[in-house]
Student: 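This is the structure, below, for whatever I ask next.
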Amino acid sequence: MDGHYDAIVIGMGPGGEVAASRLAAAGKRVAVVERELVGGECAYWACIPSKTLLRPPEVRAEAAAVAGLSAPQPDWQAMRAHRDTMIRHLDDSAQVEGYRSTGVTVVKGSARITGRDPWRVEAGDAVLTAGDVIVATGSSPIRPPVPGLEEVTVWTNREATTLAEIPARAVVVGGSAVGVELGQFLARMGTRVTLLQRGPFLMNREDPRIGALTAALLTRDGVDVRTGSEPRRFFREGTDSVVELDDGARIAADVVLLATGRRPRTEGLGLEEAGVEVGARGLAVDERCRVAEGLWAVGDVTGVALFTHVAKYQGRVVADNILGRDRVADYTAVPRVVFSDPEIAVVGLTEDQAREREIDFITAEVDLAATLARPWTYATEPEGHMGVLADRERRVLIGAWAVAPLAGEVIHTAALAVREAIPVDRLTDGIAQFPTYNEGYVLAVEALNL
């Protein structure tokens, strides 16, 4: 397996796969190194299994909300079996063979960069060299430094998305996307869930209004949402995993699910020894996703935006640059979606970010059930809210959000408007399909009264 290649990809999650596939399709000699499973965190322990598990409880709730239908009963064994099919039973042999059949060299093992000019990568018994190396090693869940954590039953996203049985009680630590999605799933499957959020509102990277709507939807499903609350220590009491909060309260649970964020995975790669600076937020990249001459990075390891869709986008940017097609990454309008029920979708700036940039902005929000027909055709007790944020001087959208059914789909209308700086006057002159949730954007933009 030793030899020289045009490019070596370290880490075969979505970003690494996109880069490797595009380079190989262009005729480049490519080697890839993966220490776990080809497909990465997203395919086996994150996006794919979590969304697969979220869908059945969502359909059950949708059926209960539609006239003339009763809620179907969940079949956990069938749900679990389909989840296992979707994650390939944690077997990537077909993916490995698929790459090898296209001429890509696949090395299983932990990679270490041991030289440069050309770049030299060692993995297991293999010694590989290349003019270009792409680091796509992803991220790892953060374990907060709280005393006693090692004494209790702890789940990260990996244990939660590959669970075999539904726990009776769970404490979810963290109120952002992972905590919201998995907390709602467990609650809908019968778990008594307590969700702890250190800050004053959920989804704390977004506007407080979104956090309030998120707390309401979780509370409706029976989740005990506690904001301004965090663990002080953990301890074992018999078979219980006990969480002691900063206010002295104690919660007994079967599992503690950590949803406290992720950090770029850079350890053990030999980057510092190769003269590459590694920061707390990962590998700093330029606008072309380049770390140094011939060294590139994509995905979570860059710390830019820890989303699968960003990793895939960066993979395309890097592949094009290696192939001589000068391309610059633009993160102006990256959608941010939480697959709760209803969905939460955001794009562009928050109000705080607009203030930090000293933008003269204006906002508007519409109650979709009060203004559209579509919510009433969708459910007997409809809901949904949509908001927009505009630059008053430039008369363009700079942000938008929705907490509504199908929000993850309709957010792309706003994403295009933000990315391309489409004038507000053009947006209000648009014709949206009737009846759809997407009509809400026209009404929200009109409500700006610019």
Student: Counting only N and O atoms by type, is there a donor-acceptor contact under 3.5 Å from the side chain of Asp91 to the main-chain atoms of Ser93?
Tutor: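 Yes, the answer is positive, given that a donor and an acceptor are paired below the 3.5 Å cut-off.
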Student: Would you say Asp300's side chain and Gly138's backbone share a donor-acceptor pair under 3.5 angstrom?
Tutor: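 No: the side chain of Asp300 does not pair with the backbone of Gly138.
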Student: In Å and rounded to the nearest 0.5 Å, what is the CG to CG distance from Leu218 to Leu213?
Tutor: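 Nearest 0.5 Å value for the CG-CG distance: 11.0 Å.
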Student: Indicate yes or no for a side-chain donor-acceptor contact from Arg83 to the backbone of Ile48 under 3.5 Å, with no hydrogens or angles considered.
Tutor: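 Not a single qualifying donor-acceptor pair exists.
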Student: Hey, could you give me the NE2/CG distance between His89 and Asp84, rounded to the nearest 0.5 Å?
Tutor: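 Reported to 0.5 Å precision, the distance equals 5.5 Å.
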Student: With sequence neighbours left out, what residues match Arg394 under salt bridge (Lys or Arg N to Asp or Glu O under 4.0 Å)?
Tutor: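 Here the qualifying residues are Asp391.
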Student: Please check if any side-chain donor atom of Ser110 sits under 3.5 Å from a side-chain acceptor atom of Arg35, or the reverse.
Tutor: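 On atom types as modelled, these side chains do not qualify, holding no pair under 3.5 Å.
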Student: Treating Thr114 as the side-chain partner and Glu122 as the backbone partner, does any N or O pair qualify as donor plus acceptor under 3.5 Å?
Tutor: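 No, the answer is negative, given that no donor and acceptor are paired below the 3.5 Å cut-off.
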Student: Hey, are the side chains of Leu450 and Arg392 touching, using non-hydrogen atoms and a 4.5 Å cut-off?
Tutor: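 Heavy-atom side-chain distance check passes, below 4.5 Å.
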Student: Could you tell me whether Asp221 and Arg188 make a salt bridge, using a distance below 4.0 angstrom between a side-chain N and a carboxylate O?
Tutor: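 Answer for the salt bridge query: yes.
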Student: So which pairs with a foot in residues 395-414 pass salt bridge (Lys or Arg N to Asp or Glu O under 4.0 Å), sequence neighbours left out?
Tutor: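 Checked against salt bridge (Lys or Arg N to Asp or Glu O under 4.0 Å) - neighbours excluded - the pairs reaching residues 395-414 are Arg395-Asp425.
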Student: Would the distance check show the side chain of Gln197 and the main-chain N or O of Arg226 forming a donor-acceptor pair, the cut-off being under 3.5 Å?
Tutor: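 No; zero donor-acceptor contacts below 3.5 Å.
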